[in-house]
Structure formats: structure tokens, C-alpha cells
Amino acid sequence: DAKRAPITGLARWDMIDLTQERLNNRDKILVFYTWRPWLDDISDESFRASQYFQHIKVTLTILSNYDDKQVILMMHPKLHATLDQSLLSKVKLWTDNDGPMNELLSSVATVITDYSSISWEAYYREIPVIFDMFDQARYADEVGSYIDLDELPFGVKVTQDKHLQVTLSEIAERHYQLTSKELADKTKYFAFQDQGASERIHRQIMALNMKAIKRTKRHALMSAMFRVLHR
């Protein structure tokens, strides 16, 4: 409950000045597809034949002809090693050596992802998100999701009727801004949009009653031991 899990906001978001963010030059499209656990131990040949690999190739082919923004790809190393060099020549591969994600997002105009929580980072920064859930049924079955993938709280979902190119064009037409509804709905999902999360976290820590916590832990431990001994 709220007394045990107070809402403070994330400390890392204290680095984000939303007023300044809205003025930034956003000249990049960030592509970030979540890794699939069922691809962990397969050969490179099988990986190249997978739906995951083939779909990302199609996405990058579409974006390689998109001159309006620089395309940034953040991907699993296996994908880096198997993509055609002709595609990589038009896409910037982003690694840890290029800098932190926090700095990159400051210049991103649109995020293309599937199930990644990077979408929430983008939404907080008021960056439009495109959800490309091409294998939704299998992913939901094998991995699961903490939100309803059919009723997304923000962003635009790629479908057979609304493919990636159409979605990108719509976002470009509104100058890479969130819709009025997405802006209005932000307060539903973010209790705070300031730079005070660290202070709120500090206050909560200082207010902790450690004696009460230790009593609760002792009680839980004794209860568990009692259950084991009386099985």
C-alpha cells in the first residue's frame, strides 16, 4: 500500500529539465527492440532466419530512406554482428562508449520500440513513441507484460492497416510532439514532473522507523520457522 511504497518519482529524472527538453534540437530516431529469450542459444544462421531478425531488417530498410532524422540503433550485440553492412552504413549503432542513454534521449524526436520500458522514459520527456509489436502473441505467452498490450496508455501502435511509414509521417506532421491527449494524460502516470524526486526519497528514508521494521522482520521470520517446524 501507499504507506509501504510511497510515490516519490525516479531520482534519475531529477537530471531532466522538461522546460529545456522542449527546446532541444531533436534530430534523431531511436530504434530499440527488446531481446527475445528464445533466441539466446541458436546459431547465427537460425538467428538470421528468425522473424525477429527479418522484421528488424525491414524496419531499418524503411528508415534508411528516411532523410529527415539520423537513425540510432540500440541492439543486442548478436544483431550488430549479423546485420548487413549496407544497412549499418546508414544507421548509427549506439553503444555504452557513445555515452549514457540519458544524454541520447535529449536529442531524440521519436522512439520506435516494442515492449521496452524505454517507452516510459520517452513519454516522461514528451517524445512520441511508436510501438511495433510484431510478435505480440508469442511474447505475451512466453515473457508476459505488466500492462495490457492491446490497450496502451500512450504512443501509436503499428498495425497491418497503419504500418511504420504511415505512423512516422503522422508524427512528423505534428512536428514530433505528443498529442494533446497524451500530454493531458501524463499526470495519470507521473505523480511528479519536477526535479524533486531525490529530496522526496531522502525524506522518506529519514522518516523510516527502523525499530518497527526490525520487529516486523523478526515476526515474519518466526512465523516462517513456525510453519516449517509444524509441517
Side-chain angles (χ1 to χ4, degrees), residues 1-21 30 32-41 74-77 95-96 99-106 108 111 113-127 129 131 133 135-155 157 178 181-231:
D1 58 37
K3 291 180 181 178
R4 293 178 61 85
I7 305 301
T8 62
L10 299 181
R12 67 174 180 272
W13 287 346
D14 283 0
M15 299 173 65
I16 302 171
D17 181 345
L18 287 175
T19 301
Q20 178 59 48
E21 288 278 312
L30 174 60
F32 188 101
Y33 286 91
T34 304
W35 181 248
R36 306 302 193 261
W38 57 84
L39 300 174
D40 280 342
D41 299 316
M74 297 187 71
M75 279 288 139
H76 192 278
T95 68
D96 291 341
M101 170 80 74
N102 193 57
E103 293 180 7
L104 170 62
L105 284 172
S106 291
V108 168
V111 169
T113 187
D114 43 15
Y115 317 102
S116 173
S117 60
I118 195 175
S119 59
W120 289 97
E121 299 285 326
Y123 188 27
Y124 182 81
R125 292 172 178 264
E126 300 175 7
I127 303 169
V129 178
F131 290 101
M133 301 175 177
D135 58 356
Q136 178 180 327
R138 182 174 184 181
Y139 190 89
D141 182 56
E142 298 196 27
V143 181
S145 174
Y146 57 88
I147 62 173
D148 184 347
L149 298 179
D150 292 319
E151 297 291 338
L152 299 173
F154 59 90
K157 190 174 181 179
L178 296 186
K181 184 178 187 307
E182 286 174 321
L183 283 171
D185 284 350
K186 273 190 76 182
T187 55
K188 292 181 182 179
Y189 306 106
F190 304 103
F192 303 99
Q193 297 181 58
D194 56 13
Q195 293 173 289
S198 297
E199 181 181 348
R200 285 186 289 272
I201 292 168
H202 176 74
R203 288 201 303 266
Q204 291 293 336
I205 292 172
M206 296 304 293
L208 286 175
N209 185 336
M210 295 306 299
K211 290 183 179 180
I213 291 172
K214 290 177 180 178
R215 283 197 303 271
T216 301
K217 289 175 68 175
R218 281 198 302 270
H219 178 74
L221 180 61
M222 294 301 293
S223 297
M225 291 175 62
F226 180 82
R227 289 195 298 273
V228 170
L229 292 172
H230 290 80
R231 279 180 179 175

Assess whether side chain to side chain contact (heavy atoms under 4.5 Å, CB included) is satisfied between W120 and Y189, documenting all intermediate values. CA-CA 9 Å; W120 289 97; Y189 306 106; 3.7 Å; yes
Show, in sequence, the C-alpha distance, side-chain angles and deciding distance for I16 and L105, and conclude whether the side chain to side chain contact (heavy atoms under 4.5 Å, CB included) test is met. CA-CA 10 Å; I16 302 171; L105 284 172; over 6 Å; no
Got V108 and M101 here, is their nearest side-chain heavy-atom distance under 4.5 Å? no
T113 side chain reached by L30 side chain, heavy atoms, under 4.5 Å: no
Might you point out which heavy atoms bring W38 and E142 nearest each other, and give the distance in Å? CE3-OE1, 3.3 Å
Between Q195 and M15, is there a side-chain heavy-atom distance shorter than 4.5 Å? no
List the steps and the verdict of side chain to side chain donor-acceptor pair (under 3.5 Å) for S106 and R125. CA-CA 8 Å; S106 291; R125 292 172 178 264; 3.2 Å; yes
Return yes when atom CD1 of I7 has more than 12 non-hydrogen atoms of other residues, nucleotides or ligands closer than 6.0 Å, and no otherwise. no
Could you measure the distance from the CE atom of M222 to the CG atom of L229? Nearest 0.5 Å is fine. 9.0 Å
Drop me the distance from R36's CZ to T34's OG1, to the nearest 0.5 angstrom. 6.0 Å
Here the gap from S198 atom OG to H202 atom NE2, rounded to the nearest 0.5 Å, amounts to 10.5 Å
Heavy atoms of other groups near N209 CG, more than 12 under 6.0 Å: yes
For A140 and L149 the tightest heavy-atom approach is CB-CD1, 4.4 Å
Quick one: are S119 and F154 in side-chain contact, heavy atoms under 4.5 Å? yes
Got more than 12 heavy atoms from elsewhere within 6.0 Å of CG, D96? no
Tightest non-hydrogen contact, residues I201 and G9, listed as CD1-O, 3.9 Å
Do R200 and D14 meet the salt-bridge criterion of a basic N to acidic O distance under 4.0 Å? no
Using the rule given for side chain to side chain contact (heavy atoms under 4.5 Å, CB included), can you reason through N102 versus R12, listing the C-alpha separation, both sets of side-chain angles and the distance that settles it, and then say yes or no? CA-CA 9 Å; N102 193 57; R12 67 174 180 272; 5.9 Å; no
Q136 versus K157: any side-chain heavy-atom pair under 4.5 Å? yes
Side chains of Y123 and D185: does their closest heavy-atom pair fall under 4.5 Å? yes
Does any non-hydrogen side-chain atom of L104 lie less than 4.5 Å from one of M74? yes
Any side-chain heavy atom of F192 sitting closer than 4.5 Å to one from L10? no
As a quick check of understanding, evaluate salt bridge (Lys or Arg N to Asp or Glu O under 4.0 Å) for E126 and K186, giving each step before the final call. CA-CA 9 Å; E126 300 175 7; K186 273 190 76 182; 3.3 Å; yes
Point-to-point distance, once rounded to the nearest 0.5 Å, from NZ of K211 to CZ of R215: 8.5 Å
Anything under 30° is parallel, anything over 60° is perpendicular, the rest tilted; go ahead and classify Y115 against Y139. parallel
Are the aromatic ring centres of F190 and W13 under 6.0 angstrom apart? yes
Interatomic distance, W35 atom CH2 to S116 atom OG [nearest 0.5 angstrom]: 14.5 Å
